[in-house]
Amino acid sequence: MAVIGVNDNFDNQFTDAQGNPLPDFTGTPVFSLNQNLAEVRLNGKFAPTPTSLAGLEWFLRLEASDETLIRAWIPNVADPGGPMDPLSFTKEWTIDDTLPTSTWIDAVDADDDTGADTATDADGQPGIPIAVYTDPDLDTDSNNDGTIDPDNSSLATDDPIEEGQDADGDGKDDAVAVIGVNDNFDNQFIDAQGNPLPDFTGTPIFSLDQELAEIQLGEQIAPTPTALTGLEWFLRLEASDESLIRAWIPDDLDPGGSMQPLSFTREWTSHDNLPTSIWVDFLAPGVVDLAWVLYQREGSTQTERRRDPVRLNGVNVDIDTDSDNHDNDDEDVVEETAPGKVIPLNDNDDNDNGTPDWSDGGQLLDAKGDPVVDGELREARLSYNAPGIDLSGYKVELAFNAAQLRLWTTPDRQAAMPLEFTIGQNAIISPFYIEGIAPGQSVIEARLETPGGARVVDTDLIMVSVINHGLVAYRPQTEGQVTSTGPRYGNPFPKMPVPYSLEEDPGAGVRRNNDSDNDGTGSDLDSRDIAAENDLVQVDIVIQPVPLPGIEYVLRRTDDNPDGANIIVWDRPDKKDGSELLEINDSKVLLSTSDPSNIINAWVEWINMDPAGKEAFLTLEVRTKTTDARTDNKTPLADKVRFYPFTSVVLVFGGHDQNPNDTDGDGSIGDIRDANDPATPDDDNREGIFDLAQHFYDSGLDVHAYDEGAEGVDSRQIPYAEVVSAYNKRGVIDVALLGYSQGGGLVYGVAELLHDNGYNVDFALYVDAIENDWFTAEDDDWPGGADYLLNFYEQIDDQFQGDDVDDLSDMPPDAVLDSINVSTDAGWDHSDDHEAIDDDGLVQTRIKIELDNRLNP
């Protein structure tokens with residue numbers, strides 16, 4: 001039985017006697033010689049007709065039982081070794097003709113042929129057996145229009161290009177049967193047992209997804225005639241590169257259900273139920289010729305009889321970032337699983353313009369208009385891969401949640417990232433930069449689409465987790481009132497966070513907590529439930545959102561104390577039992593917060609009284625928590641605050657009736673007095689001395705501000721007690737006293753009281769000092785045993801004015817005096833009167849310089 005493949009491919013060409021291509025059954029030229037023609041040899045010659053039999057002649061003719069199924073070809077008589085001529089089945093050869101030794105047969109159609117076609121002679125006896133058993137046919141969406149056009153006379157629009165071509169001559173195949181590489185994780189096949197089938201990374205894939213291409217199979221194998229014992233036919237799917245693709249078929253036991261992988265060694269015979277379709281996915285970009293091949297096997301010998309190939313082009317679009325949060329931006333395996341790329345909420349202020357960076361909108365510029373790199377943006381990359389394929393006109397697109405993310409072309413946010421690129425027209429911008437503007441998890445999707453966006457060929461996703469995290473430390477509380485049992489502490493300074501830029505250098509100052517704020521006896525180190533505690537500093541722990549898949553928040557304590565801890569962290573300022581966050585353990589996982597603002601309030605206490613203990617750190621770590629070793633236990637984000645114990649204390653005294661509180665709610669003390677209040681006629685007297693107090697408080701010093709007459713007749717006692725406690729209980733070694741007007745007189749009084757009791761003052765300031773117990777007399781005496789005195793005064797105000805220091809009897813031998821008369825000394829404002837001198841910018845600048853140079857925090 002001779003098996004001949006139907007001649008419906010396009011790889012070989014016959015030409016006629018004139019050199020013109022001969023068409024195949026579709027009207028397309030066929031090419032010589034191809035495997036789909038079968039040689040049929042003709043044996044014997046005509047004997048001469050005897051002369052006695054006049055009128056009798058013999059002739060030979062080639063006949064076929066169904067001429068619609070095959071065609072015959074013979075060598076050209078004039079050019080026996082040249083192009084072939086078609087042979088009509090009506091042609092007759094006589095004794096006068098030269099018979100060809102062979103003809104060639106090709107099969108035109110096999111749709112109606114289910115067995116062997118047998119040519120018979122005039123007596124009906126078997127002649128040459130010719131069998132056209134099947135026309136193996138593969139069809140897929142070769143023209144990328146979203147549908148499969150089967151190979152038949154009415155819909156044969158894919159087959160002419162299904163084997164690939166380079167119509168424009170650019171050296172690259174045109175985009176034939178473009179299939180996305182199956183490297184995402186959004187669709188799942190399951191096997192007959194319901195188990196997920198893995199993709200090429202070992203992660204389950206999901207059914208049905210756009211990265212799988214359907215391949216339709218045409219025809220069945222006809223049963224082998226029983227007369228042809230030992231001869232069988234089988235079909236096999238073959239791929240030019242099996243490392244690039246996999247094939248899937250419906251489960252034999254559940255054809256409408258789950259899928260199973262197809263081995264390229266599998267054979268189908270006439271005894272098998274062939275699937276009508278298979279599905280193919282690409283493991284990597286590349287070109288694969290897939291063929292449906294008919295074999296003949298006789299004994300141990302197998303012969304290829306017919307193949308129908310289709311060309312498949314695997315492509316991919318790729319979006320990458322550091323998805324495992326470990327400084328590598330090529331991690332397809334983990335990029336779609338929680339938490340993905342962890343980035344911070346962009347709520348800091350890199351350009352120092354007073355607003356969160358995310359609210360600035362466009363390019364980040366500093367005060368001079370120069371670009372500023374936004375440190376909270378994270379890099380990502382975008383590309384596509386289509387080796388050897390011309391994808392001109394295809395589109396690469398990005399999609400994302402604009403309520404949570406922004407995409408930029410540069411790290412200083414010069415321009416928004418374009419969301420569509422046309423291959424051959426626009427160069428893809430890569431890298432680009434991701435900004436988080438709202439907490440939560442979402443994805444950025446890259447798509448490769450056919451021209452016009454009619455069909456998505458491939459997608460790639462990265463998950464992004466935007467985290468609002470941070471530690472906000474505050475300046476310490478200070479005293480604001482007194483009761484019959486001693487000092488009690490309010491908060492004359494408005495609640496003041498340590499600026500973000502100063503959190504680690506110098507950090508947040510905290511008092512060593514060895515005094516007794518509760519009852520005046522013992523030490524607060526050993527006490528709990530202290531209602532009047534003022535030595536702990538508040539820290540806000542921001543964790544948002546909570547909970548979040550793949551994320552946990554860890555609070556960690558570190559310090560320079562080899563024998564224990566420098567600090568304890570509490571979740572209550574009164575240190576009630578059970579309120580410890582970090583006491584014995586140095587770290588704690590923060591599971592949740594009931595605060596709708598996602599803030600956990602904590603308080604830091606400095607417990608180490610050894611002067612060698614100089615710093616401690618709190619770190620809030622955003623840590624990954626997964627079951628994958630590649631992504632687990634990473635710390636992509638962290639915020640750290642340094643804490644240091646105060647070694648100095650600054651006491652600031654205002655003038656008559658000046659109030660060290662934020663009376664107008666502007667966030668600072670030193671307010672302008674009420675112009676509408678008849679009781680405060682000095683309407684233009686801004687409390688400049690308290691402006692200085694606010695400045696030193698903001699810069700990280702332990703500052704205490706007082707109304708010079710608010711505490712009774714002997715207004716020295718409260719500040720004196722503060723200094724003694726600082727020296728004896730809190731490890732302070734430097735003291736500064738600053739006073740304006742009658743507050744300057746109080747500087748003298750407190751310094752004298754300290755000196756009389758064996759304590760010293762390192763820095764003293766008089767600004768137009770007036771004796772504290774006299775309303776108009778200047779204070780011109782040296783303040784106790786002060787090591788340094790800076791004295792500013794004016795002499796144009798007839799009622800209130802200071803003076804040069806005349807009494808130097810208590811001045812230590814090595815002490816320094818800087819005395820400046822702003823009314824007469826060169827370089828100063830000679831118009832300053834008593835109300836203006838403490839507001840003078842030059843005066844305040846000099847005070848800041850001298851204190852900063854002479855006092856450590």
*Do we get Lys495 above Tyr474's six-membered ring, with its NZ or CZ under 6.0 Å from the centre and within 45° of the axis?*
yes
*Would you say the side-chain atoms of Asn757 pair up with the backbone N or O of Leu753, donor to acceptor, closer than 3.5 Å?*
yes
*Please tell me if the side chains of Ile669 and Glu687 come closer than 4.5 Å, counting only heavy atoms from C-beta onward.*
no
_Does either side chain, that of Asp540 or that of Gln538, offer a donor lying less than 3.5 Å from an acceptor on the other one?_
yes
*Could you check if a side-chain atom of Asp818 sits within less than 4.5 angstrom of a side-chain atom of Asn791, using non-hydrogen atoms only?*
no
*Over 60° means perpendicular and under 30° means parallel, so classify the ring planes of Tyr720 and Tyr759, tilted if in between.*
perpendicular
_Distance check, rounded to the nearest 0.5 Å: Leu790 atom CG versus Leu738 atom CG?_
8.5 Å
*4.5 Å side-chain heavy-atom contact, Ile541 and Leu471*: yes
_NZ/NE/NH1/NH2 to OD/OE distance under 4.0 Å, Asp574 and Arg572_ = yes
*Provide the closest heavy-atom pair for Ala786 versus Asn760 in the form atom of the first, atom of the second, distance.*
N-OD1, 3.9 Å
*Indicate whether the side chain of Asp734 and that of Asn856 have a donor and an acceptor atom separated by less than 3.5 Å.*
no
*When you check the gap from the basic side-chain N to the acidic O, do Arg730 and Glu722 get nearer than 4.0 Å?*
yes
*Side-chain heavy atoms of Leu618 within contact of Leu555, under 4.5 Å*: yes
*When you check the side-chain N and O atoms of Asp840 and Gln844, is any donor under 3.5 Å from an acceptor?*
no
*What closest approach, in Å, do Val750 and Pro719 show between heavy atoms, and which atom pair accounts for it?*
CG2-CG, 3.9 Å
*Could you tell me which non-hydrogen atom of Ile689 sits nearest to which non-hydrogen atom of Asp838, and how far apart they are?*
N-OD2, 3.2 Å
*Would you say Val843 and Ile847 make side-chain contact, with heavy atoms under 4.5 Å?*
yes
_Quick check against the 3.5 Å criterion: does Asp787 have a side-chain atom that pairs as donor or acceptor with the backbone of Ala815?_
no
*Are Trp606 and Phe646 near enough that their ring centres are under 6.0 Å apart?*
no
*Give a yes or no on whether Asp814 atom CG has more than 12 heavy-atom contacts from other residues, nucleotides or ligands under 6.0 Å away.*
no
_Working note: Glu605 + Trp570, criterion side-chain hydrogen bond (donor to acceptor under 3.5 Å, both in side chains); need CA distance, chi angles, decisive distance, verdict._
CA-CA 8 Å; Glu605 176 187 23; Trp570 309 83; 3.0 Å; yes
_Less than 3.5 Å apart, any donor N or O on the side chain of Trp408 or Gln414 sitting next to an acceptor on the other?_
no
*Do the ring planes of Tyr788 and Phe763 sit parallel (below 30°), tilted (30 to 60°) or perpendicular (above 60°)?*
tilted
*Between Lys575 and Asp524, is there a side-chain N and carboxylate O pair less than 4.0 Å apart?*
no
*How about Val747 and Phe653: do any of their side-chain heavy atoms sit closer than 4.5 Å?*
yes
*asked:* If you compare all heavy atoms of Gly655 against all heavy atoms of Ser741, which two are closest, and at what distance to 0.1 Å?
replied: CA-CB, 4.0 Å
*Mark yes or no for whether His830, through its side chain, and Asp825, through its backbone, hold a donor-acceptor pair below 3.5 Å.*
yes
*Can any side-chain N or O of Ser725 pair as donor or acceptor with the backbone N or O of Ala721 at less than 3.5 Å?*
no
*Nearest-0.5 Å distance, CG of residue Asp560 to CG of residue Asn566*: 5.0 Å
*Enter the distance from Leu789:CG to Tyr748:OH here, rounded to the nearest 0.5 Å.*
12.0 Å
*Quick one: does Phe696's side chain get under 4.5 Å of Val652's, heavy atoms only?*
no
_Nearest non-hydrogen partners of Pro371 and Asp412, listed with the distance_ = CB-OD2, 3.1 Å
*Could you tell me whether the side chain of Asn608 and the main chain of Asn561 form a donor-acceptor pair under 3.5 Å?*
no
*Does any donor atom in the side chain of Asp833 or Gln801 lie under 3.5 Å from an acceptor atom in the other side chain?*
no
_Distance flag, aromatic centroids of His656 and Phe800, threshold under 6.0 Å_ = no
*Does a donor on one side chain and an acceptor on the other come within less than 3.5 Å for Asp571 and Asn601?*
no
*asked:* Is it true that Asp360 and Thr355 share a donor-acceptor pair across their side chains at a distance under 3.5 Å?
replied: yes
*Of the non-hydrogen atoms in Pro857 and Tyr644, which two are nearest, and what is the gap between them?*
CB-CE1, 3.5 Å
*Please confirm whether the backbone N or O of Asp370 pairs with a side-chain atom of Asp366, one donor and one acceptor, at under 3.5 Å?*
yes
_Side-chain H-bond candidate by donor/acceptor type, Ser523 with Asn514, under 3.5 Å_ = yes
*Hey, is the main chain of Gly784 close enough, under 3.5 Å, to the side chain of Glu752 for a donor-acceptor pair?*
yes
*How far apart are the C-alpha atoms of Asn346 and Leu377, what are their side-chain angles, what is the distance that settles it, and do they pass the side chain to side chain contact (heavy atoms under 4.5 Å, CB included) test?*
CA-CA 8 Å; Asn346 195 19; Leu377 270 57; 4.0 Å; yes
*Quick one: sort the Tyr706 and His704 rings into parallel, tilted or perpendicular, breaks at 30° and 60°.*
parallel
*About how many Å separate CG of Leu737 and CG of Leu746, when rounded to the nearest 0.5 Å?*
8.5 Å
_Asp804 and Ser819 side chains, donor-acceptor separation under 3.5 Å_ = yes
*Heavy-atom distance under 4.5 Å between the side chains of Val822 and Ile837, does that happen here?*
yes
*Only one of Ile543, Asp639, Leu345 clears side-chain contact (heavy atoms from CB on, under 4.5 Å) with His469; which?*
Asp639
*Measure the OH-CG distance between Tyr740 and Asp691 for me, rounded to the nearest 0.5 Å.*
12.0 Å
*Is it true that a side-chain atom of Asp762 and a backbone atom of Val735 form a donor plus acceptor pair closer than 3.5 Å?*
yes
*Distance-only, no hydrogens or angles: does the Tyr766 side chain make a donor-acceptor pair with backbone N or O of Gly802 under 3.5 Å?*
no
*If you measure from CD on Glu850 to CZ on Arg846, what distance do you get to the nearest 0.5 Å?*
4.5 Å
*Do Arg557 and Glu615 meet the salt-bridge criterion of a basic N to acidic O distance under 4.0 Å?*
no
*Between Arg511 and Asp702, is there a side-chain N and carboxylate O pair less than 4.0 Å apart?*
yes
*Can you check whether Ile796's main-chain N or O pairs, donor with acceptor, with Glu794's side chain at less than 3.5 Å?*
yes
*Return yes if a side-chain donor-acceptor contact under 3.5 Å exists between Asn348 and Asp350, otherwise no.*
yes
Going by atom type alone, with no hydrogens or angles, which donor-acceptor pairs under 3.5 Å involve a side-chain atom of residues 503-510 and a protein atom two or more places apart or on another chain?
none

